[in-house]
Every structure is written in structure tokens, then in C-alpha cells.
Amino acid sequence: MNETLSAQFERLRKTYMESCFGRLNPVQLQAVFATRGPLLILAGAGSGKTTVLVNRIANLIRFGDGYSAPAPAGITGEDVARLQQIVETGGRPDERLEKLLAHWPVYPYHILAITFTNKAAGELKNRLSDMLGQAGQEVNASTFHSACVRILRREAERLGFPRSFTIYDTDDQQRAMKEVYKQLNVDDKFLPVKSAMGAIGRLKDQMISPKDALATGKDVRSGLVARVYEAYQKRLQKAGAFDFDDLIYFTVCLLQDFPDVREYYQDRYRYILVDEYQDTSVAQFQLVYLLAGPERNVCVVGDDDQSIYRFRGATIENILNFEQHFPGAQLIRLEQNYRSTANILNAANCVIRHNQARKGKTLWTQNGEGAQILHYEADSELDEAAHIASVIGRHVREGARLRDHAVLYRMNAQSGPVENYFARAGIPYKIVGGQRFYDRKEIKDMLAYMSIVANPQDDLRLRRIINEPARKIGAATVQAVADLAAGRAGAMLDVIAHLEEYPQLHRASSALGGFYRVYTQLRAAADSLPLDEFTAQVMEITGYRAMLEAAGEEGQTRLENIGQLVSSVKTYADQRGPEASLAGFLEEVALISDIDSYNEDADVVVLMTMHAAKGLEFDYVFIVGLEEGIFPSEMSRYSEEDLEEERRLCYVGITRAKKELYLSSAHARMLFGQTKHNKPSRFLEEIDPRLIRHEESASAVRMRAAREAYLQRQNAYLDRSYNRGVSASGSWNGAAYAAAGRSTPASSARPRAAAAGAPGRSFGPASSIRASQAAGGPGAGRSSGPAPYQSGDHVEHKVFGRGTVLKVTPVGGDHIVEIRFDTAGVKKTMANYAPLRRLDE
DNA sequence: ACTAGCCACTTTTTT
DNA sequence: AGTGGCTAGT
């Protein structure tokens, strides 16, 4: 009798649980309910893997770990009847029923979800708290680095580091490394500092200690790397600092060497989920492995085709060998794509098919075929930018929003031309990546002052600002202090605090004393003021403000940046409330990246690298620079493995697009001050020609027409010459340019109205006529001199449509035109560059 | 100790 | 092309 009730309840429970996740497809459901043991989810791009992760966690919390576990004891007929009713007619279970349903409960704080970026972690948290309320907040969702920081903050002392350790960023690392080079007398011609840093980073990714490296280093170079590594590590330890790689490395050491620590965290994190598993390193794998413990409740989600961080130690083997690392692992493939049109998805499939090293899967979609992919062959990077602007303009006029558009490129240096064109055309945009806000000199200086308050051992940060602004503390003095500190195995600040004990510092004592007074004032301010006021005081106490105010215009922008820093401190303090601390803020800053602050609410076009775009999606995507030597990059040309990584990057780029995809290449491209003529990328050829439409720039069409005309004349001439027995001479190339009435493409260094014209039309005679009209139209005759527009003029802008000129201000041969657009509001544009024309009536 | 001018170098991607 | 780091000169 009881047995039957249990069985009935069990059946109903499953039905009910499945109905709770009713919006998922059967494979996704399977992934949600596979709660026990190791699980590998191979999730293709756009397959809804975040949804699966969120629902999987929600299921663990709400229904516990026991989808297929036996039903709990004590089920009554009434329970069964009530559940039956809920399954059939809806409604919510009461408390008793809810408990019975979750009879193997999992508490949120036992769940650790590790993501790649802070942004992804934040998103996960948001979605969880939307679904689960308070319980969602209690799930531990963080990045590898921040999870490790949290562990190290508790346990660092076991490894001989202070709990208040500092985190060194790349710049700090480089400084530390330079000091090591000096100390060991290493010539950086033989081993550039950056390659040493890279090599050491890779060693740490593989959990190779300085000792191991010294023992195994075979050739001269790796022997030197090992020696540098050892000295560098000593230096960091003395400064009480970890670099990024150390955060993972030392956490793994901790878990390996201290069984009690290991057991504590294994007990703490009983369910582990890892996102973007294809981008994990050996060290990160070991971290996951150690945390998972004997229970092995590890769920990793990844896509081997989207592994794009091999260069910094990610190893695709982690995902390829998951089933060997965790025997008995379940494998679930999510292959249905919900994001892109069939054309876009198929193009991505075409490209990735050319890779050898992959698990192999083919994404499919029920979405419609969608528009063809467009390949635009531009003259130059400027023409390329202009083309993008005109397409965006068309979309915006048709009702799309700017923020639905993204421009993706291989390297940050490619953003320049697009940025310039957009800025001049008045198209609002935002660049993600490149130089981070927190990497600016003035910000780093301010943070260095704050760091030495938080961690007085931090000699490196101290050196950075001890004479900034200038305090007459020269290199010789700094070195003397450093030597004395080394002599007593202490920090430089200890020496500075006890100047009277060191007669050899007598000459510099007033300067050093002055610095020490600054330091004590900073400490006092930190102790007595709220965090943001303290930050604002830093620039006062240190004289930094005075220095910048004396520096004129540039100092002004730097001051503004510091102002931004103060406000971000305030934001942090407001968010964290009583938990906010100086160390906490510095830590957050150290681990933050630009993509984390990317805010999709602003209605602007987004520009970023394809790496930064991973995990994002946009209706309209432009991938620029599809040229051999750029994408795939020059570096990858000779290595098959590197090429495959480039191809995966291309796959990532393509699969960001939901509705339309625009690929472009340029005949001539100026990059790093040199003009290059690159062949179109092999990736273009890998796409089935039926999926893609090619379009040439207007001037290329003209050029070809000119060339054909020339050849015709030449032929006619040859015919005549032949009759007369004379041979022809001359190059068609120059003549063709001359016939087209333009300079060579390389010298056309400005965006032109002509280039901005002719969007999205099939090429051929019609397009060439259109283009030449545009060239003689709005762009003509307004280079400088009298104002091309007056207030009151009615104008039309390629992107913003019609509007009225409010104000015209001359600036250096050009004019700023302020326009009130009918639909887009008030914008400022540059007369010579904006795709703008006057409407004469 | 500071400044100016030079040079070299950058540029693959980032926590 | 632009920047930043370094040297040499003051």
C-alpha cells in the first residue's frame, strides 16, 4: 500500500518538476535533472547554456539532489491527491508538499558556480535571484580568480603571505620583473621582460614551481626563465603580493598541501558548476578536481569550438579528456541554436568544419533562413568604416536601435578608423576593451597610494609613487632605502618610518620624512573618513591635484579621471554598505575587466574584439578586417594549431549575430603606420558561396569599369598597331587610376561622402552610377572657408535622418554643426566628415 | 633632480 | 602612427 503511494508520488513528482522547467527542450531538461556525479555539457553557441545552468541550480535548490531518488517516507494519500491536483490544474504546493518534493535538499551556499568574467557571474546571480529570490543570492557565483581570492584571504598565512595581500596586475608584474632583471643582471635583449612574464605565466598555468622549472630547464633560455621565475617569486612573496596566475596556482597548492583546508572547501562546495570549461588551464582543472572531492558533483559546460584562450594557458584537452579525468561522466550535447538565422549558423558550421582538433558537432536551428551574409570588399579601412556607418544608418532609419549593432575586430588597434569615422559622423559608439580605465597612469598612481595604506609591505607600489609628484627623492635614495629594507628583511616603509636609525639616509632625510608625513596623513584619513572621501583626499594630501592643476589641459582630463575614480569608489561603497573596505575595493579593481562594465542599456554601437564579444549577442554584427595577416593573424600563419584557434575565433565572431552578418575586407589597409595590401581571408572562402553575397566598394566598381575601358582601347590600339607592326607599352594600372579620376587607394586618407554611399545594393552598373552621383553631391566643395551650413538649414544625415541646424562653429578648417534631428535629438557632427547633406527646397 | 629629445617599440587576444 | 621609456645633457 505504502509502496504504491510512494511510486505514485514519485511519478507525479517527476511530471511536476518537468512542468516547472517547461520552456526547456528535452535535452536541456536532461541536463537540468542530471544532478549527481560528473557531467559534461557540450553546449554549442546560442544553445541556451546559461539558461540550463540557471535552471540546473534552481532545480538543485528547489527540488534537491534526487530527481531519480526514492521518494521520502511518510507519504499519505492526501499528499498524492494534492500533487495530482497541482499537476493537472496548476497552483502552488504548500509547505509540507514543498518539503516532500525537495526531499534531498541542497543549500544554496553549497553551490559554487564558476564563470569566466565578472559580468557572467553577475548575470548568473541576477537570473538566479529573479527565479529564487533570497536563495539565489546565496549561491556562490564568481570567477576563478575571485573564488581563489576568497579562499586565499582566509588561508594565505599558511603559505607565508599576509591576509592583506596585494594583487599585481600586468603592469606591476612588469615592474617587479624589471627589478629582478636588475638584481640578476639579466639582459632583456636576450630575454625580453614580456616573454619571461609569459613563460612564467604558462609555467604557473601548468602548476610548475620555480624548483621544478630549475630542475627541468634544458636549454639556456628555459634555464634563465627558471632563474628569473625563482627570483621574481621571492620578490612577490616579500611584497606580500600575488599576480593573477598566482591566485590560481597558490590556491591549488593550498588545497594539495593542507588536507584540512581541502576538506573544508570540499564540504563547503558540494556542487560545482564551471562555465566556459574549454578555456580552463591545467591549474584551473586541478582546482576544480580538488574542490570536487570524492563526491565529484562537477558539472562543466563548454564548447571546444569556442576555445580561444590557448595563448594564455587554456588547454582544450580539459574538455576533450573530461571523461578520462572523471570516469563515468555523463555527456550531454546541446546542439539546437536559438540565436541565429540558419544562414548565419550554416556559415559558422562551414568555417569550423575545417578544424581537425574538435569533438565534432553540428548546430541546427528552427529559425528561418534569414538574410544572406554580406561580404563587402572595401578600398581601405576608411571605406570599410564608412560602409558600416551607412548600413547602420539604414537600419536605424528602419527602426533598429544602435545598440543592436556591434563591430568586431581581431585586435584593438583596428578600432581606430571605425572610431574616428563614427565620431566625426556623430554616431554614438562605445569601445569595450583596449586600455582599461584602471590602467591609466593617474588612476594607477592613486591606487598605488591607496594600496600602501592597505598593505604597507607593498614596496612596488611604494616605489611607483614615492616621487610622484616630485619630492626630491631620486633613484639613488630609493635604492638605498630598498637595500636597507632588504638588510633587515622588512618593508621599505619600515625604514622610512625610522629614519633616525639610518645615518646613511641623512642627506635625503627631509625628503623622506616629508613622504612619511604624507603616508601617516593618508593612514589617518583612511581611518577617519568614508571610503570615497578618503579617495578624494588622497589627491589633496599627496599634492597630486596641485601637480595636475599646474599641468594645464592634459592635467584637467586626468583630474576628471580621478573624479571618476572617486565616484566609482562611492558606487562600490554604496553597493557594499558596511562590508565595504579599502582592501575590498582594491581587490575588486584588480579583478575587473572592461567587458564587465559593458552596459547594454546605453543606445550606442559597440566596438570590441571578438574575444571580448564571447558570450554576447547582437542583431547585427560587423566583422572587419577579414584579411590574411590580420584575421587569421600574421602570428598564426605558420602553425596549424594557431590557425585552428583563429578559426575558432572566427566561429565565435560569426555566432554572435542573430539577424544579419556583415563581413568586410579592404584592398589596402593602413595599420601601425604602414599600408598593406592583404588577400581576403581564407575564412571567407570557407563559407559556402550560396550563403554569402559579395559587394565591392563603389570606387572598385569604377576602377574596374575604367580598367575595362582601357583594355578595350588598348585592344583597339593593339589591333591597329599590329597592322602597323608596332608594339604597345604602358601600364594599365596607373592609367586605370587616372581614368577613374582619383588618387590611388592608399592615398585616399579621408572618409568621403562617396564611400558612405551605396549601401547594401547589388553591385553593377546601377550601383556605380549611384556612387558617382554621391561623389559629386554632398561631399563636393565644402573643404574649408565659408560655413557650409547655417543655423536654420534643413539637412539630412545618413544615420539620423532629417533635422535642422542649430549652430555652426568653425574649428581648424572644419565646422562643428549642431543639429536637432526630427527623431534622434540634438547631435554634434563635423561638417567635412559627417554623412550630411543640405536639403534645398 | 629634472628636462628634453630621442629612440624603439608596439600590436593577438585578458583574468 | 602614436606612445612610452630611456639617455644624455643641464
Side-chain angles (χ1 to χ4, degrees), chain A residues 114-121 142-149 167-171 173-175 178 188-189 192-194 197-198 201 204-205 242-249 276 279-281 283-284 307-314 381 408-417 420 432-436 438-441 467-478 507-508 511 554 587-596 608-615 625 629-637 639 642-643 645-646 648-650 652-653 670-676 749:
Chain A
I114 308 177
T115 60
F116 196 61
T117 61
N118 295 306
K119 179 168 183 274
S142 60
T143 63
F144 268 106
H145 295 269
S146 53
C148 288
V149 168
I167 301 169
Y168 278 5
D169 67 13
T170 319
D171 189 74
Q173 265 186 64
Q174 200 164 339
R175 284 160 182 270
K178 280 191 181 142
D188 85 325
K189 297 274 186 316
V193 169
K194 286 205 168 149
M197 278 162 54
K204 288 179 183 171
D205 286 334
F242 293 116
D243 66 24
F244 284 133
D245 302 309
D246 286 339
L247 295 176
I248 316 283
Y249 178 93
E276 309 281 14
D279 288 324
T280 51
S281 64
Q284 285 164 335
S307 158
I308 54 175
Y309 286 107
R310 207 173 66 102
F311 70 93
R312 67 159 196 222
E381 72 281 1
L408 307 183
Y409 33 79
R410 178 64 237 271
M411 50 189 162
N412 281 312
Q414 286 171 265
S415 70
N420 281 333
V432 177
Q435 210 204 9
R436 289 188 320 153
Y438 291 106
D439 286 340
R440 286 164 214 250
K441 183 184 181 308
N467 201 32
E468 189 76 36
R471 301 193 176 88
K472 302 205 185 303
I473 302 174
T477 307
V478 173
R507 252 193 330 155
E554 197 195 312
E587 176 182 312
E588 189 157 297
V589 164
L591 296 176
I592 213 161
S593 81
D594 212 60
I595 188 71
D596 298 328
M608 65 180 116
T609 63
M610 280 172 276
H611 282 89
K614 193 170 73 160
I630 292 186
F631 189 32
S633 88
E634 186 65 38
M635 311 293 188
S636 66
R637 185 165 292 188
S639 147
D642 289 347
L643 237 153
E645 177 135 323
E646 296 284 302
R648 289 192 292 269
L649 187 58
C650 184
V652 168
M670 161 97 117
L671 198 62
F672 306 138
Q674 275 190 317
T675 300
K676 288 236 165 97

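Chain letters run A, B, ... following the sequence lines, proteins first, then strands; residues in each count from 1.
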*Do you know which of A:Phe631, A:Tyr409, A:Tyr309 makes ring-ring contact (aromatic ring centres under 6.0 Å, His included) with A:His611?*
A:Tyr309
*Given B:dT12, B:dT13, B:dA1, the nucleotide with the shortest approach to the side chain of A:Met635*: B:dT12
*Could you state the atom-to-atom distance from NZ of A:Lys204 to P of B:dT14 in whole Å?*
20 Å
*With a centroid cutoff of 5.5 Å and a plane-angle limit of 30°, would you call A:Phe144 stacked on B:dT15?*
no
*asked:* Testing A:Arg175, A:Gln173, A:Gln174 one by one against A:Asp171 for a side-chain hydrogen bond (donor to acceptor under 3.5 Å, both in side chains), which residue passes?
replied: A:Arg175
*Reckon A:Asn412 has a side-chain N or O less than 4.0 Å from the OP1 or OP2 of B:dT10?*
no
*Using a cut-off of 4.0 Å on non-hydrogen atoms, how would the nucleic acid contact of A:Ile473 be classed: base, sugar-phosphate, or nothing?*
sugar-phosphate
_Nearest-angstrom distance from the residue atom CE of A:Met670 to P of B:dT10_ = 19 Å
*Rounded to the nearest Å, what distance is computed from the CZ atom of residue A:Arg507 to the C1' atom of nucleotide B:dA1?*
12 Å
_Where A:Asp243 and A:Lys204 come nearest, the two heavy atoms and their spacing_ = OD2-NZ, 2.8 Å
_From CD of A:Glu645 over to C1' of B:dT13, roughly how many Å is that when rounded to an integer?_
8 Å
_Interatomic distance at C1', C:dG5 relative to B:dT12, whole Å_ = 23 Å
*asked:* Please report the distance, rounded to the nearest Å, between CZ in A:Arg175 and P in C:dG5.
replied: 8 Å
*Could you work out which one of C:dC6, B:dT13, B:dT15 sits closest to the side chain of A:Lys178?*
C:dC6
*Between atom NZ in A:Lys441 and atom P in C:dT3, what is the gap in whole Å?*
16 Å
*From the options C:dC6, B:dT12, B:dT15, select the nucleotide whose nearest atom is closest to the side chain of A:Arg312.*
B:dT15
*Is a side-chain donor or acceptor of A:Arg648 paired with a backbone partner of A:Ser307 at a separation under 3.5 angstrom?*
yes
*Kindly point out which of C:dC6, B:dT12, B:dC2 is positioned nearest to the side chain of A:Arg410?*
B:dT12
*So does A:Thr609 get a side-chain nitrogen or oxygen closer than 4.0 Å to the phosphate oxygens (OP1/OP2) of B:dT14?*
yes
*Kindly point out which of B:dT12, B:dT14, B:dC2 is positioned nearest to the side chain of A:Ser633?*
B:dT12
_Taking the basic N atoms (NZ, or NE/NH1/NH2) and the acidic carboxylate oxygens, is any pair closer than 4.0 Å for A:Asp642 and A:Arg310?_
yes
*For A:Met197 and B:dT15, what is the distance between atoms CE and P respectively, to the nearest whole Å?*
15 Å
*asked:* Return whichever of A:Glu646 or A:Thr143 has its heavy-atom-nearest nucleotide of DNA chain B closer to the 5' end.
replied: A:Glu646
*Gap between atoms CD1 and C1', on A:Ile308 and B:dT12 respectively (whole Å)*: 11 Å
*Contact class for A:Asp245 vs. all strands (heavy atom < 4.0 Å): base, sugar-phosphate, or nothing?*
nothing
*Between C:dC6, B:dT14, B:dA1, which nucleotide has the shortest distance from any of its atoms to the side chain of A:Tyr309?*
B:dT14
*asked:* Assuming nearest nucleotide by heavy-atom distance, tell me which of A:Asp642 and A:Ala470 is located more 5' along DNA chain B.
replied: A:Ala470
*Go through the structure and list residues passing side chain to side chain donor-acceptor pair (under 3.5 Å) with A:Glu468, not counting sequence neighbours.*
A:Lys441
